[in-house]
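Just below is one structure, and these are the notes that go with it.
Computed over heavy atoms, backbone and side chain alike; hydrogens, waters and symmetry mates excluded.
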Amino acid sequence: MGTLGGLIERMGIEILEASLERLVGRMPVEGNTQPYGLLHGGASCVLAETLGSIGSAMHAGPNRIAVGIEINATHHRSATAGYVTGVATPVHLGRTLATYEVVITDEQGRRLCTSRITCLLRDAS
């Protein structure tokens with residue numbers, strides 16, 4: 001799977017739990033906002049894609065990689081402070097595709113975003 005550096009570190013994402021059945025990560029709102037001080041929708045997508053991609057890579061197994069091919073997100077409410085937590089659960093784990101649903105909540109447990117990510121699983125080159 002390689003290092004989790006780059007954008008994941010810049011966003012302040014921490015992976016709290018990672019298994020084939022469930023991935024959990026959190027991210028600070030501070031530093032990941034849009035001009036109105038609200039959590040940026042793109043930041044929610046980064047958290048969702050991170051969790052779904054890690055889960056897909058774990059499912060793919062050794063000598064295979066997971067490449068995101070589709071993501072969508074519905075933003076239900078905003079966050080202005082604290083941390084948000086994403087929980088990714090598999091919707092489909094196949095030989096060539098893996099799809100995860102990611103629910104992002106605030107510190108009070110309110111749903112902020114529902115996302116779905118699909119990754120293509122292929123042999124590493």
Side-chain angles (χ1 to χ4, degrees):
M1 189 166 45
T3 180
L4 296 180
L7 184 59
I8 295 170
E9 284 183 13
R10 270 191 215 109
M11 303 291 290
I13 295 172
E14 302 171 68
I15 304 303
L16 305 175
E17 179 184 331
S19 71
L20 292 176
E21 296 82 30
R22 180 176 132 115
L23 291 99
V24 180
R26 74 179 197 151
M27 176 181 70
V29 172
E30 184 177 343
N32 293 317
T33 58
Q34 39 90 311
Y36 301 113
L38 306 174
L39 178 65
H40 196 292
S44 294
C45 288
V46 170
L47 178 58
E49 185 151 355
T50 297
L51 296 173
S53 293
I54 290 171
S56 296
M58 289 171 58
H59 169 69
N63 302 318
R64 301 197 77 210
I65 62 171
V67 179
I69 59 171
E70 189 269 340
I71 188 167
N72 68 45
T74 301
H75 306 288
H76 308 290
R77 67 184 320 137
S78 60
T80 57
Y83 280 83
V84 296
T85 300
V87 177
T89 54
V91 173
H92 171 78
L93 297 175
R95 192 179 71 74
T96 58
L97 292 177
T99 301
Y100 281 81
E101 178 185 61
V102 184
V103 175
I104 299 173
T105 57
D106 64 14
E107 292 177 323
Q108 290 73 43
R110 296 176 296 198
R111 186 181 292 231
L112 305 177
C113 177
T114 304
S115 182
R116 189 187 71 234
I117 173 172
T118 299
C119 290
L120 174 68
L121 310 177
R122 64 178 183 87
D123 294 336
S125 25

Classify the side-chain pair Thr85/Thr105 by whether it contains a donor and acceptor separated by less than 3.5 Å.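 No, no side-chain donor-acceptor pair sits under 3.5 Å.
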Heavy-atom check, side chain of [X] versus side chain of [Y], under 4.5 Å:
X: Val67; Y: Arg122; result: yes
X: Val24; Y: Leu51; result: no
X: Asn63; Y: Asp123; result: no
X: Asp106; Y: Val29; result: no
X: Leu39; Y: Met27; result: yes

Where [X] and [Y] come nearest, the two heavy atoms and their spacing:
X: Arg22; Y: Val87; value: NH1-CG1, 3.8 Å
X: Ala60; Y: Leu121; value: CB-CD2, 4.0 Å
X: Ala98; Y: Leu93; value: CB-CD2, 4.0 Å
X: Ile104; Y: Val84; value: CG2-CB, 3.8 Å
X: Ile71; Y: Ala48; value: CD1-CB, 4.2 Å

Spatial distance of atom [atom1] ([X]) from atom [atom2] ([Y]) [nearest 0.5 Å]:
X: Ser44; Y: Asn32; atom1: OG; atom2: CG; answer: 9.0 Å
X: Ile69; Y: Cys119; atom1: CD1; atom2: SG; answer: 7.5 Å
X: Ser115; Y: Glu49; atom1: OG; atom2: CD; answer: 8.5 Å

State whether the side chain of [X] and the backbone N or O of [Y] hold a donor-acceptor pair below 3.5 Å, judged by distance alone.
X: Thr80; Y: Leu38; result: no
X: His59; Y: Gly94; result: yes
X: Glu107; Y: Tyr83; result: yes

Tell me whether the count of non-hydrogen atoms from other residues, nucleotides or ligands lying under 6.0 Å of CZ in Arg110 goes above 12.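 Yes - once you tally the heavy atoms of other residues, nucleotides and ligands closer than 6.0 Å, there are more than 12.
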Do other residues, nucleotides or ligands put more than 12 heavy atoms under 6.0 Å from the CZ atom of Arg64?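 Result for CZ/Arg64: enclosed.
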So, applying side chain to side chain contact (heavy atoms under 4.5 Å, CB included) with [X], which one of [options] is it?
X: Arg116; options: Val102, Thr99, Thr74; answer: Thr99
X: His76; options: Leu112, Thr114, Val103; answer: Thr114
X: Ser53; options: Ile8, Ile117, Leu23; answer: Ile117

In sequence, state the C-alpha distance, the side-chain angles, and the governing distance for Leu16 and Arg26, and then conclude on side-chain contact (heavy atoms from CB on, under 4.5 Å). CA-CA 7 Å; Leu16 305 175; Arg26 74 179 197 151; 4.1 Å; yes
Quick check: is Ile15 connected to Leu20 through a chain of hydrophobic side chains (ILVMFWY, heavy atoms under 4.5 Å apart)?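 As far as the 4.5 Å side-chain criterion goes, Ile15 and Leu20 are connected within one cluster.
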